[in-house]
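Chain letters run A, B, ... following the sequence lines, proteins first, then strands; residues in each count from 1.
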Number of protein chains: 2
Amino acid sequence: MSGEVTIYDIAEKLGLSAATVSRALKDNPAINSNTKKKIRAAAEAMGYRSNRFASNLRKRTTNTIGVVVPRLNSNFMSTAISAMEKMASDAGYSLIIVQSLESPAKEIANIRTLFNSRVDGLMAALSSEQETDIDFRILTDRGIPVVFFDQVPSGSSQPCIIIDNAQAAHAITMHLIGQGCKRIVHLTGNVKRFVYRERLSGYKMALLEAGIPFDEELVLHSDLTELSAPDIANRILEMDGRPDALFAANDMSAAACLTAFRERGLSIPGDIAVAGFNNDPISRLMQPNITTINYPAYQIGATAATYLLNHLTGKSSLQATNKVILHADLLVRESTMRLPHNDQLRSVF
Amino acid sequence: MSGEVTIYDIAEKLGLSAATVSRALKDNPAINSNTKKKIRAAAEAMGYRSNRFASNLRKRTTNTIGVVVPRLNSNFMSTAISAMEKMASDAGYSLIIVQSLESPAKEIANIRTLFNSRVDGLMAALSSEQETDIDFRILTDRGIPVVFFDQVPSGSSQPCIIIDNAQAAHAITMHLIGQGCKRIVHLTGNVKRFVYRERLSGYKMALLEAGIPFDEELVLHSDLTELSAPDIANRILEMDGRPDALFAANDMSAAACLTAFRERGLSIPGDIAVAGFNNDPISRLMQPNITTINYPAYQIGATAATYLLNHLTGKSSLQATNKVILHADLLVRESTMRLPHNDQLRSVF
DNA sequence: TTGTAAGCGTTATCAC
DNA sequence: GTGATAACGCTTACAA
């Protein structure tokens, strides 16, 4: 730690100035290519490593991008982050990742931490919405670009990468209705979050369009985890007038409910159709496999990173009005196929 | 960006010195509590944020921990990293995460990047092994602590957090044998990796112990992804003398093979028993649910982070010989229960 | 093509 | 309790 080699050490050893060494190491064209070679060789031999802090301090830029997410251990998040890491890394940027774990206080603290870490830019999926306008402003006010994805602030005109959640939910609900379902339960998460609110509204729109009266009782709320599914399944089975379909806002809870239904002896989709959201691997592997929306995690992550990086490297500018809406197809699978010959079938993978 | 407030600005405004401001902001007990209050108020009012780079440059420490993984989008990795992030964040550290994506070259580059980023410590799961001894030394030689987890360098005496993979594989194989299976296929990954090599050896040991001759033909290699499973399932079904069990080295491929088997009309576990490894959610939700090993991702991540943080904060020292072996229980489930009354049943969750 | 020198914003070491 | 001052290692006008 103490014996770090600096450009001064190299300079001294070679009888040059630190400035020349600095330039050579950064491949400055002004430097003679022979001296460059010598300097590089010496740097290598002496075990030199550039001190990022000195450099950052001087240049006022960090080549670091912050990522804020509610939790990082879901198939969607880890896949999106994986894409971001690849893009960032290829462009010479590092990623600092923080999760807010459903705590608004931690989310605020995280934003401040990244702010103090002087990240060059930020990609964020929100866990709650209140603090958005308040706290991201400390960043945007100083010109630090922020790109939102997945859970984005509604209303505001921040750049964001999303799918049309309402339309996707509308499509899946219409499909269920087309399969003859009349009492469709929608299992949703915290509707303070953008995606869940949007999906709920798509569900409602479809009912309206089909002339099915909206029934508040049929909307259930949970944290959408595997653990809470058995309880949800119970509540569905105990309803007066048993529902004939479940549209869950993610695949994990769709799969877990489906399992619970089967354990009670119900047949899927005969007794109750089940649809999810995300196209997680589990939706493809369950028996029956589960109708869902293909939520393009990798593409969302890659797109968010590309926009941010292009902005940071000056290749293109991020407009506040940029709103990228990616496609998200309905994948009809066995768990909702109640009609024998169904030409709505589109894809199984 | 340009109008950053510094401790000098605060000092000037308050008629104090920068040193005093610095001390007050760090809650140095030598400073009068009244001046502290004034300084804090001014800092807040002026929108001051500490410059980490100046601080790091001066203190020669970064409060940053590097994490190296093969890929971060698996249930195991994202859960382990989630735990690490929580521990690190609670201790005031940030995480820089890099993935090597199966490329040894990128793994080496990643290690250098983290090295140049002056991380205070490192947690690493390797994608290949060659470079371990070569490249991690640039860190350890300078006293930067490294804790390995999951994919660890074999032979070396680096601190690492693991389970006894061989014993777990032994247990699962013995269980299959106990269920009357005679021809057990083992589906493994790249055996250059520690965990797969160990699991394979546990499988062999169990066969040996049970007097079943080891058959090289029954060991299949793949990347253990969902995509390669159909091909693997085909190869198993086309073998002379159909196997009566599959022990896959992860749950994803176990689940995907199980699905493929069922599509061919086989019954599980009657025609072929299926076991996985990890206790991913999918193993619990599949029908039938899948016998597996509970690989404690969160605990592994939390333990690795705790050890590293305790070392960094001087609470306890990380000895090179530290090797923490966590428990990993066999979870017997439906996919391997071929005998009617089986007292080996331990748990379904 | 190379050198000089002035910062970048903090913190540590002395002083007082 | 507080202040001066000197690093920390790098980049970049400006000179030469």
Side-chain angles (χ1 to χ4, degrees), chain A residues 1-40 42-43 46-64 92 113 115-120 142, chain B residues 1-40 42-43 46-64 92 113 115-120 142:
Chain A
M1 226 37 178
S2 47
E4 286 290 349
V5 178
T6 74
I7 51 173
Y8 284 96
D9 299 325
I10 300 176
E12 190 178 17
K13 176 157 184 181
L14 264 42
L16 291 165
S17 77
T20 305
V21 175
S22 172
R23 292 187 185 109
L25 259 17
K26 301 227 69 185
D27 210 14
N28 185 318
I31 303 294
N32 181 300
S33 62
N34 255 332
T35 26
K36 269 188 199 170
K37 262 181 213 159
K38 262 184 265 175
I39 289 172
R40 290 215 190 100
M46 299 169 73
Y48 168 80
R49 59 171 175 168
S50 163
N51 186 322
R52 273 203 181 193
F53 302 109
S55 172
N56 289 338
L57 178 60
R58 185 59 230 241
K59 290 190 308 180
R60 297 155 151 276
T61 167
T62 67
N63 271 39
T64 299
T113 301
F115 178 61
N116 288 331
S117 294
R118 298 287 208 276
V119 292
D120 290 341
R142 307 227 194 186
Chain B
M1 228 33 178
S2 48
E4 286 290 348
V5 178
T6 74
I7 51 173
Y8 281 97
D9 300 325
I10 299 175
E12 190 178 18
K13 177 157 183 183
L14 264 40
L16 290 166
S17 78
T20 304
V21 173
S22 173
R23 291 187 187 108
L25 259 18
K26 301 226 65 186
D27 209 13
N28 185 318
I31 302 294
N32 182 299
S33 63
N34 254 333
T35 26
K36 269 188 197 170
K37 260 180 215 159
K38 260 184 266 174
I39 290 173
R40 291 217 189 98
M46 298 169 74
Y48 168 79
R49 59 171 176 167
S50 164
N51 185 323
R52 274 204 181 192
F53 302 111
S55 175
N56 289 340
L57 178 59
R58 186 59 233 237
K59 288 190 309 178
R60 299 155 150 277
T61 167
T62 65
N63 272 36
T64 299
T113 301
F115 178 61
N116 288 332
S117 295
R118 298 287 207 276
V119 292
D120 290 340
R142 305 226 195 187

- Item | Nucleotide C:dT10, atom C1' - distance to CG of A:N51 in whole Å | 13 Å
- Message: To check you understand the geometry: which heavy-atom pair defines the closest contact between A:I31 and A:A24, and what is its length?
- Response: CG1-N, 4.0 Å
- Choosing from D:dC8, D:dT11, C:dT2, which nucleotide comes nearest the side chain of B:R60? D:dC8
- Message: What is the separation between atom CG on B:N56 and atom P on C:dA12, rounded to the nearest whole Å?
- Response: 12 Å
- Query: Rounded to whole angstrom units, what separation is found between the CG atom of A:L14 and the P atom of C:dT2?
  - Reply: 11 Å
- Query: Below 3.5 Å, does any donor atom in the side chain of A:R23 face an acceptor in the base of C:dG3, or the other way round?
  - Reply: yes
- Task: Could you check how far CD1 of B:I10 sits from C1' of D:dG3, rounded to whole Å?
- Result: 17 Å
- Query: Relative to the 5' end of DNA chain C, which residue comes earlier, B:A18 or A:K36, by the nucleotide with the nearest heavy atom?
  - Reply: A:K36
- Whole-Å distance, A:L16 CG to D:dC10 C1', equals 17 Å
- Which whole-number value in Å describes the distance from A:E12 CD to C:dT4 C1'? 17 Å
- Message: Strictly below 4.0 Å: does B:S22 bring a side-chain N or O up to OP1 or OP2 of C:dG9?
- Response: no
- Query: What is the distance from CG of B:L57 to C1' of D:dC8, rounded to the nearest Å?
  - Reply: 4 Å
- Item | Phosphate-side-chain proximity, A:T35 and C:dT2, N/O vs OP1/OP2 below 4.0 Å | yes
- Scanning both residues in full, the closest heavy-atom pair of A:Y48 with A:V5 reads CD1-O, 3.2 Å
- Note on the structure: Between A:A42 and A:I10, the two heavy atoms sitting closest are CB-CG2, 4.2 Å
- Query: Choosing from C:dT2, C:dG9, D:dT11, which nucleotide comes nearest the side chain of A:K59?
  - Reply: D:dT11
- Query: Side-chain donor or acceptor of B:R58 under 3.5 Å from a matching atom on the base of D:dG9?
  - Reply: no
- Does the side chain of A:Y8 get closer than 4.0 angstrom to OP1 or OP2 of D:dT11 through an N or O atom? no
- Query: Between D:dG9, D:dC10, D:dT5, which nucleotide gets closest to the side-chain atoms of A:E4?
  - Reply: D:dG9
- Message: Output the rounded distance in Å from CZ (A:R49) to C1' (D:dG9).
- Response: 13 Å
- Task: Indicate, yes or no, whether a donor-acceptor pair under 3.5 Å links the base of C:dT11 to the side chain of B:R52.
- Result: no
- Compare every heavy atom of A:K36 with every heavy atom of A:D27, then report the nearest pair and how far apart it is. OD1-NZ, 3.0 Å
- Query: How is A:T6 classified with respect to the nucleic acid when contacts are heavy atoms under 4.0 Å: base, sugar-phosphate, or nothing?
  - Reply: sugar-phosphate
- Item | B:A19 side-chain proximity, nearest of C:dT10, D:dA4, D:dT2 | D:dA4
- Query: Can you tell which of C:dT11, C:dT4, D:dG1 lies closest to the side chain of B:N32?
  - Reply: D:dG1
- Query: How far apart are the C-alpha atoms of B:R60 and B:D120, what are their side-chain angles, what is the distance that settles it, and do they pass the salt bridge (Lys or Arg N to Asp or Glu O under 4.0 Å) test?
  - Reply: CA-CA 9 Å; B:R60 299 155 150 277; B:D120 290 340; over 6 Å; no
- Query: Out of C:dT10, C:dA5, D:dA4, which nucleotide sits closest to the side chain of B:S17?
  - Reply: D:dA4
- Query: Rounded to the nearest 0.5 Å, how far apart are OG1 of B:T6 and CD of B:E4?
  - Reply: 9.5 Å
